[in-house]
Trainee: 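The structure that follows is given in the form of structure tokens.
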There are 2 protein chains.
Amino acid sequence: MDTRWLDDEELDAWIRLIAVVELLPGVLDTQLRRDSELSHFEYLVLAMLSEADDRVLRMTALAARTNATLARLSHVVSRLEARGLVERSPCPQDGRATNARLTDAGWDAVVGAAPGHVETVRGVVLDALTRRQVRELGEIAGAILTRLDPDGRMTPPPRD
Amino acid sequence: MDTRWLDDEELDAWIRLIAVVELLPGVLDTQLRRDSELSHFEYLVLAMLSEADDRVLRMTALAARTNATLARLSHVVSRLEARGLVERSPCPQDGRATNARLTDAGWDAVVGAAPGHVETVRGVVLDALTRRQVRELGEIAGAILTRLDPDGRMTPPPRD
DNA sequence: GCGCATTAGTTGACACGACAACTAAACCCG
DNA sequence: CGGGTTTAGTTGTCGTGTCAACTAATGCGC
């Protein structure tokens with residue numbers, strides 16, 4: 001089958017999307033590391049735990065909410081545990097499972113990091129867009145996600 | 001100053017954008033590695049060279065076109081050079097500069113990889129969007145880039 | 001209730017990117 | 001034209017992610 005090459009509009013959108021994907025993580029990491037000694041991914045892990053009931057989640061559930069593999073999450077949680085921000089304990093209901101719980105120190109870390117992080121998010125993304133574009137971005141990213149992650153492992157729909 | 005937290009629409013757009021940013025690179029890498037033994041970044045390097053006059057670019061120019069630091073590019077070009085896909089030579093005009101040139105083998109590699117890559121790009125992004133959304137995405141990503149990269153080191157505007 | 005497949009998670013080896021230190025050439029300016 | 005600054009690029013080290021191999025508990029089928 002002959003390749004359908006990209007036309008100008010498609011190429012333009014693609015090139016720019018790639019640039020965003022390459023540059024955005026670095027910017028988020030840099031700010032969080034500088035101000036709060038956390039990588040962006042570590043922040044995400046702590047933030048997801050902070051919103052969960054009793055601040056506890058099973059590793060698998062946490063991996064899904066952070067778009068990570070279990071292996072990656074396991075390494076990161078080990079480091080966070082060593083820093084006293086998270087605690088692991090075997091799940092009583094299922095012997096195979098592990099629960100990760102946010103400690104008080106972990107809670108303090110997220111609470112401390114959140115304002116600066118939100119400010120960065122506004123600064124580099126949201127404030128650059130109109131209200132309409134923010135809504136569009138939500139829809140576009142949602143559409144892409146259904147292709148990237150057909151099984152919907154990721155962040156479940158609008159509902160939280 | 002009190003933090004302006006994100007409202008529902010903003011949070012939705014942000015969470016989804018983060019998910020895209022986390023998942024997209026992996027999908028692109030996986031396809032290219034499987035079918036062409038190239039990482040996405042390596043592909044980008046070769047592709048940018050393939051479009052340049054005489055298939056030659058100075059390292060700095062190549063770094064800008066691929067949104068990479070010079071250090072990262074230098075490592076990657078070393079590997080590509082070891083595989084015979086790229087050649088380095090000192091720039092005659094400027095003794096500090098290095099020119100990277102795409103070899104014939106490198107050309108063959110990009111040409112071989114391009115169709116599968118474009119198909120993936122369509123599959124995971126472009127075909128998930130309407131024509132209008134593709135245009136919107138271009139504008140939104142462009143707006144974000146002016147914040148991520150205020151000096152415009154990155155891909156220059158529509159113009160090539 | 002035994003055995004095999006599946007699910008949950010961890011771990012170790014390797015690959016790659018970031019950062020900082022370094023070399024070297026060019027520019028600049030008095 | 002000589003010394004300091006800037007620009008271009010490379011390299012070594014370290015942190016972090018990926019992959020594959022592994023352990024262990026669960027659940028299904030008969």
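Order of the sequence lines sets the chain letters (A, B, ...), proteins ahead of strands, with each chain counted from 1.
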Trainee: Which whole-number value in Å describes the distance from A:Glu22 CD to C:dG17 P?
Mentor: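 From A:Glu22 CD to C:dG17 P: 9 Å.
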
Trainee: With sugar-phosphate meaning primed atoms plus P, OP1 and OP2, does A:Thr98 contact a base, only sugar-phosphate, or nothing at under 4.0 Å between heavy atoms?
Mentor: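 Since only primed, P, OP1 and OP2 atoms lie under 4.0 Å of A:Thr98, the category is sugar-phosphate.
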
Trainee: Of the options D:dT7, C:dG17, C:dA8, whose atoms approach the side-chain atoms of B:Arg96 most closely?
Mentor: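 Nearest to the side-chain atoms of B:Arg96, counting from C-beta on, is D:dT7.
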
Trainee: Does the distance from a Lys or Arg side-chain N to an Asp or Glu carboxylate O, for B:Arg101 and B:Glu81, drop under 4.0 Å?
Mentor: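 No, no charged N to carboxylate O under 4.0 Å.
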
Trainee: Could you state the CG-C1' distance from A:Leu70 to C:dA8, rounded to the nearest angstrom?
Mentor: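 Going from CG in A:Leu70 over to C1' in C:dA8 covers 6 Å.
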
Trainee: Nearest heavy atom decides the nucleotide; on that basis, is B:Val76 or A:Met59 closer to the 5' end of DNA chain C?
Mentor: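 Of the two residues, A:Met59 wins.
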
Trainee: Nearest nucleotide by nearest heavy atom, which residue falls closer to the 5' end of DNA chain D, A:Gly95 or A:Glu42?
Mentor: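 Looking at the nearest nucleotide for each, A:Glu42 comes out on the 5' side.
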
Trainee: With a 4.0 Å cut-off on heavy atoms, is B:Ala97 in touch with a base, just the backbone sugar-phosphate, or nothing at all?
Mentor: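 Touches sugar-phosphate only.
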
Trainee: Between A:Arg122 (side chain only) and B:Arg4 (backbone N and O only), is there a donor and an acceptor less than 3.5 Å apart?
Mentor: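 Yes, A:Arg122 side chain to B:Arg4 backbone: donor-acceptor pair under 3.5 Å.
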
Trainee: Tell me which nucleotide among C:dT11, C:dA25, D:dT11 gets nearest to the side chain of B:Ser74.
Mentor: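 Minimum distance to the B:Ser74 side chain belongs to D:dT11.
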
Trainee: Output the rounded distance in Å from NE2 (A:His40) to P (D:dG17).
Mentor: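 The distance from NE2 of A:His40 to P of D:dG17 comes to 12 Å, rounded to the nearest Å.
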
Trainee: So do the side chains of B:Val27 and A:Arg147 get within less than 4.5 Å of each other, counting heavy atoms only?
Mentor: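 No. Closest side-chain heavy atoms not under 4.5 Å.
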
Trainee: Do A:His75 and D:dG15 have a side chain to base donor-acceptor pair shorter than 3.5 Å?
Mentor: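 Not at all, since no donor on one side and acceptor on the other fall under 3.5 Å apart.
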
Trainee: Does D:dG17 have OP1 or OP2 under 4.0 Å away from a side-chain N or O of A:Arg72?
Mentor: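 Yes, because at least one side-chain N or O of A:Arg72 sits under 4.0 Å from OP1 or OP2 of D:dG17.
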
Trainee: Is a side-chain donor or acceptor of A:Thr103 paired with a backbone partner of A:Gly84 at a separation under 3.5 angstrom?
Mentor: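 Judged by distance alone, yes, a pair lies under 3.5 Å.
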
Trainee: Which comes earlier along DNA chain D counting from the 5' end, the contact point of A:Ala71 or that of A:Gln93, where each point is its nearest nucleotide?
Mentor: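 Whichever sits nearer the 5' end wins; that is A:Ala71.
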
Trainee: Whether A:Glu136 and B:Arg132 form a salt bridge (side-chain N of Lys/Arg under 4.0 Å from carboxylate O of Asp/Glu) is what I want to check.
Mentor: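 A salt bridge links B:Arg132 with A:Glu136.
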
Trainee: Is the phosphate of D:dT10 approached by B:Arg88 (side-chain N or O, under 4.0 Å from OP1 or OP2)?
Mentor: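 Answer is yes, contact under 4.0 Å.
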
Trainee: Any side-chain N or O of B:Arg79 below 4.0 angstrom from OP1/OP2 of C:dG17?
Mentor: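 Yes.
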
Trainee: Using atom CZ of B:Phe41 as one end and atom C1' of D:dG17 as the other, report the distance to the nearest whole Å.
Mentor: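 So the two atoms are 17 Å apart, to the nearest Å.
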
Trainee: If only side-chain N and O atoms of B:Arg33 are considered, is one of them under 4.0 Å from the OP1 or OP2 phosphate oxygen of C:dC16?
Mentor: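 Yes, B:Arg33 has a side-chain N/O under 4.0 Å of OP1/OP2 on C:dC16.
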
Trainee: B:Thr69 side chain N/O closer than 4.0 Å to the phosphate oxygens (OP1, OP2) of C:dA18?
Mentor: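 It does, given that an N or O in the side chain of B:Thr69 lies less than 4.0 Å from OP1 or OP2 of C:dA18.
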
Trainee: How many whole angstroms separate atom CG of B:Asp29 from atom P of D:dC19?
Mentor: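 To the nearest whole Å, that distance equals 9 Å.
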
Trainee: Provide, to the nearest angstrom, the distance between the CG atom belonging to A:Leu28 and the C1' atom belonging to D:dT16.
Mentor: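 Value for this atom pair: 17 Å.
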
Trainee: Examine distances only and state if a side-chain atom of B:Ser74 and a backbone atom of B:Leu70 form a donor-acceptor pair shorter than 3.5 Å.
Mentor: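 No, the answer is negative, given that no donor and acceptor are paired below the 3.5 Å cut-off.
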
Trainee: Calculate the interatomic distance between B:Arg83 atom CZ and C:dA15 atom C1'; express it in whole Å.
Mentor: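 Atom CZ in B:Arg83 sits about 13 Å away from atom C1' in C:dA15.
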
Trainee: Could you state the atom-to-atom distance from CZ of A:Arg34 to C1' of C:dC19 in whole Å?
Mentor: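 Going from CZ in A:Arg34 over to C1' in C:dC19 covers 16 Å.
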
